[in-house]
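Only one structure is covered here, and it is reproduced in the block below.
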Amino acid sequence: MSQTATEGPRSSGPGKPVPRPTPETAFYWEGTKQGELRLQRCGACRQVFFYPRSSCPHCGSTEVPWFVASGRGRLHSYVISHRAAPGFEDEVPYAIALVELEEGPRLMANIVGMPQTPEALVLDMALEVAFEPRGDQMVPVFQPAAGGAASGAGA
Amino acid sequence: MSGGTDRSLRGAVAIVGAAESERIGVVPDRSALELHVESARLALADAGLGIGDIDGVAAAGISPVVVAHALGITPTYVDGTMVGGCSFLVHVRHALAAIAAGLAEVVLITHGESGRSRVGAPPRVFDPASPQGQFEAPYGPVGPPTLFPIGVLRYMQRYGLTHEQLASVAVAQRRWAHQVPRAMFRDLITVEDVLASRMVAYPMHLLECCLVTDGGGALVVTSAARAKAAPGPKPPVYVLGTGEASETPLVSMMEDVTTSKAFRLSSARAFAQAGIGPKDVDHLMIYDAFAHLPIYGLEDLGFVGRGEAGAFIAEGRTSPGGELPLNTNGGGLSYTHTGMYGMFLVQESVRQLRGEAAAQVPGVEVSVAQGVGGMFMAAGTLVLGTEATLSG
């Protein structure tokens, strides 16, 4: 499978939805501006979780320090939207995906730098994080992992 | 009695009135509130009751205070629980608790939504600081079609579900809708028709997505004792078991995208309270906002094993004449889908148990209605039965 084809231009707006951080998520969004995907690992039960919260959803502990994730993950599932959200008009159809991070949690993301087709988007393919400007924020997205592990090594 | 599965409340209350709005589908001459109010009047008439008999009001989408005031009711109990399209099933469960606790004697539950015409409809608000605004909206979802089915490809990979089997859900339900005059879409369709319809969000085609309609419905719930002491015009439909559960406000945060935790927990509670299992069910309604929901539901409720539901539906076993009549009004895919469709699940279960459904299944004694709220956010389950099931 070729990764050379790039789809329509990825636009940072105008008009794409811009996330608005809250006090409990601000550290996450400060991280994306520095090219870091930050997660929390519970100090009590050691479980990693996403999205950012002030207590651990597994055990309730409020000792939930941050660390920088590897940025590596795998394509868990997706849909390919044939309708455009505001700001996405030049990109339809485009995938809205779930990425399973190496550290365990899943998150939603777009998959960039590759065709937005069922043939190209193979479940379990290796991905790595990238960051896209979006208003005054940087939004994490994922692209095929360097090293060409895009053939879906499987779990 | 963990999780509210108290067996002593089995059959403690009954649905004694049930009605949908006079018209459903495209109803531009009714506001959302009027659809609540009109449905309430019709349900009260169905029960042989008047507004003076009602002391509890529950509603979602519009505050029960607004509905009660519009009708001229001053309630002793209100329930504004709003957990999406299953809210009305949850309202029945809460009405059971309220009636058992003496908070109310006769509870009116209303739904009305101008989902298509948007007349007097609450504005759709978007908050970029909400969890969804921060962690899903930046990736360009365009409403439920681009979010709700996000786990389907993983399900297909894990269990071998085919595109044809997924399409067969819409085909099976259209067979039911073909017999239902009030259904919006009644023409029979084939798997090929479904797969040839416009792609909305791969792998979901247009005919695998629900309708967007106007309509309403209402229920009247009271104690079994009152239903017996002051019988109305229609046979009571007894509430044998109830369940509710919630999982996550974000579909991206589901523990496992191939199964609904809320479906599993909610239905298990309802079956436990009713003291029955899937094999005892004559008729089933599963909220079908999209074609994968009946597949998840059949498995999560225990009607079939993991990965078996696609073939089960494709083989016609939920179609007319099949062993497990499912979504006999045609469902959200063919009958109507106002936005919070759950009310219509209960309406069809009641009709089947009374023997007055358009596509009536012979001999329905036990019906289960399984609702979903949001996108696998929450769930509500009702196990309903005829008087004959009370001794069960």
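Chain letters run A, B, ... following the sequence lines, proteins first and then strands; every chain starts at 1.
Taken to the nearest 0.5 Å, the CZ atom of A:Phe88 stands 9.0 Å off from the OH atom of B:Tyr139. Rounding to the nearest 0.5 Å gives a distance of 10.5 Å between CG of A:Leu107 and CD of B:Glu136.
Formation of a donor-acceptor pair under 3.5 Å by the B:Arg154 side chain with backbone atoms of A:Ser77 is not found in this model. Proximity of a side-chain donor or acceptor of A:Tyr94 to a complementary backbone N or O of B:Gly140 within less than 3.5 Å is detected. With A:Arg20 contributing its side chain and B:Gln134 its backbone, the two residues share no donor-acceptor pair below 3.5 Å.
Contacts with chain B (heavy atom to heavy atom, under 4.5 Å) involve these residues of residues 25-50 of chain A, listed by number: A:Thr25, A:Tyr28, A:Trp29, A:Phe50. Residues of residues 295-312 of chain B lying within less than 4.5 angstrom of chain A, judged on heavy atoms, are absent. Residues of residues 142-150 of chain B lying under 4.5 angstrom from chain A, judged on non-hydrogen atoms, are B:Val142, B:Pro145, B:Thr146, B:Leu147, B:Pro149, B:Ile150 in numerical order.
Using a 4.5 Å cut-off between heavy atoms, B:Met199 contacts chain A through both its backbone and its side chain. With a 4.5 angstrom heavy-atom cutoff, B:Glu255 touches chain A only via backbone atoms. Looking at B:Gln157, only its side chain comes within 4.5 Å of chain A, counting heavy atoms on both sides. Within the 4.5 angstrom heavy-atom criterion, atoms from both the backbone and the side chain of A:Pro140 approach chain B. Residue B:Met204 does not touch chain A at all, counting heavy-atom pairs closer than 4.5 Å.
Counting heavy atoms from C-beta on, the side chains of B:Tyr202 and A:Thr117 never come closer than 4.5 Å. In this structure the side chain of B:Val200 never reaches within 4.5 angstrom of the side chain of A:His82, judged on heavy atoms. With contacts defined as side-chain heavy-atom distances shorter than 4.5 Å, the pair B:Phe135/A:Pro19 does not qualify.
For the residue pair B:Leu153 and A:Tyr78, the shortest heavy atom distance occurs at CD1-O, 3.2 Å. Considering every non-hydrogen atom in both A:Ile96 and B:Pro141, the closest pair reads CD1-CA, 3.5 Å.
Remark: B:Ala268 pairs with no residue by the side-chain contact (heavy atoms from CB on, under 4.5 Å) rule, at least two apart or across chains.
With salt bridges taken as basic N to acidic carboxylate O contacts below 4.0 Å, none links A:Arg106 and B:Asp256.
Counting heavy-atom pairs closer than 4.5 Å to chain A, the top-ranked of the candidates B:Pro138, B:Ser252, B:Ala137, B:Ala201 is B:Pro138.
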